Amino acid sequence: MRTETGPCRGFTLIEVLIALAVLAIAMLAVIGTAGTGTRSAAELRDETWAHWVAMNEMTALRVAPTWPALGKQDGDADMAGRKWHWQVNVITTSDPDLLRVDIDVSAGDRPDQPVSSLTGFLGRPMPAVLLPGNGGLPIPPHRPKGG
């Protein structure tokens, strides 16, 4: 069809197919990047929760009135609506007043694949004394003055 300004010019079938191919490749790249980002965010979320489980277990060992038994112990914990499996390995160090604690945390359905690991040290617990007028709360015997 001709117009007053000249012949009507449109896209050929080949040009349209090439444009669609370029668009498809770009969309695949965008979808792949979004999928990678989603997986990374989920892994980071799981690592964070698993680390919190490990920190909770380390804190429980630190506030206990006695040292934990040497060797491995394991158990389960709930965090963020999920089951987590933790394994604690307590070993001696060259200092007789210090223990090394290694904690591995894995998802409850995959206990052989740790999501997070934590290593910490426990000092020998100090004997607590009960002071009158304190409501029976245990207080370490050697509190620093002025603080």
Side-chain angles (χ1 to χ4, degrees), residues 8-147:
C8 212
R9 177 112 169 109
F11 293 105
T12 65
L13 182 59
I14 298 230
E15 291 171 330
V16 171
L17 289 176
I18 290 172
L20 285 174
V22 169
L23 182 63
I25 291 170
M27 291 303 290
L28 284 174
V30 168
I31 290 170
T33 301
T36 300
T38 302
R39 276 190 302 281
S40 295
E43 288 173 6
L44 183 58
R45 180 199 63 215
D46 290 348
E47 287 176 18
T48 300
W49 289 340
H51 184 72
W52 289 349
V53 170
M55 291 295 292
N56 286 347
E57 293 305 317
M58 180 65 76
T59 300
L61 292 172
R62 285 188 172 143
V63 300
T66 60
W67 266 7
L70 294 177
K72 292 186 178 185
Q73 305 167 13
D74 66 337
D76 295 315
D78 289 324
M79 174 70 67
R82 291 184 59 190
K83 284 269 189 214
W84 299 91
H85 183 76
W86 52 265
Q87 183 177 34
V88 174
N89 187 20
V90 180
I91 56 177
T92 59
T93 64
S94 59
D95 185 341
D97 292 328
L98 198 62
L99 293 177
R100 177 181 168 155
V101 179
D102 296 318
I103 302 173
D104 290 327
V105 179
S106 57
D109 57 346
R110 292 171 292 169
D112 56 335
Q113 298 175 358
V115 176
S116 182
S117 297
L118 176 70
T119 298
F121 295 89
L122 296 176
R124 186 176 300 279
M126 295 174 52
V129 296
L130 298 178
L131 297 178
N134 192 27
L137 295 175
I139 303 292
H142 304 292
R143 291 190 336 182
K145 293 188 180 189

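Bear in mind the structure is a predicted one, so any value in this text is a computation, not a measurement.
The minimum heavy-atom distance linking Ala69 with Gln73 is given by the pair O-NE2, 3.5 Å. Pro114 and Ser117 make their closest contact through CB-OG, 4.5 Å (heavy atoms, listed as atom of the first residue, atom of the second, distance). Closest of all the heavy-atom pairs between Asn89 and Lys72 is OD1-CG, 3.6 Å. Across all their heavy atoms, Trp84 and Asp78 have their closest contact at CD1-C, 4.5 Å.
At most 12 heavy atoms of other shown residues, nucleotides or ligands fall within 6.0 angstrom of atom CD1 in Ile14.
The distance from atom OG1 of Thr48 to atom CE of Met79, rounded to the nearest 0.5 Å, is 11.0 Å. Taking CG of Leu61 as the reference point, atom OG1 of Thr66 lies at 9.5 Å (rounded to 0.5 Å). Between the CG atom of Asp74 and the CD atom of Gln87 there is a distance of 6.0 Å, given to the nearest 0.5 Å. Rounded to the nearest 0.5 Å, atoms CG (Leu23) and CG (Leu28) are 9.5 Å apart. Rounded to the nearest 0.5 Å, atoms CD1 (Ile91) and CG (Leu70) are 9.5 Å apart. For the atom pair CH2 of Trp86 and CG of Asp76, the computed distance is 8.5 Å after rounding to the nearest 0.5 Å.
Although no hydrogens or angles enter the test, the distance criterion places no donor-acceptor pair under 3.5 Å between the side chain of His85 and the main chain of Val105. Side chain of Arg124 to backbone of Trp67: no donor-acceptor contact under 3.5 angstrom is found.
Contact check for Leu122 versus Met58: side-chain heavy atoms found under the 4.5 Å cut-off.
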Next on the checklist: Walk me through whether Thr92 and Leu99 qualify under side-chain contact (heavy atoms from CB on, under 4.5 Å).
Outcome noted: CA-CA 5 Å; Thr92 59; Leu99 293 177; 4.2 Å; yes
Next on the checklist: I'd like to know whether Arg100 forms a side-chain contact (heavy atoms from CB on, under 4.5 Å) with Val90, so could you lay out the CA-CA distance, the side-chain angles of the two residues, the decisive distance to 0.1 Å, and finally the verdict.
Outcome noted: CA-CA 6 Å; Arg100 177 181 168 155; Val90 180; over 6 Å; no
Checklist entry - What do the steps show when you test Glu57 against Val101 for side-chain contact (heavy atoms from CB on, under 4.5 Å), and what is the final call? => result CA-CA 10 Å; Glu57 293 305 317; Val101 179; over 6 Å; no
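None of Ile103, Leu118, Asp104 except one satisfies the side chain to side chain contact (heavy atoms under 4.5 Å, CB included) rule with Val88; the exception is Ile103.
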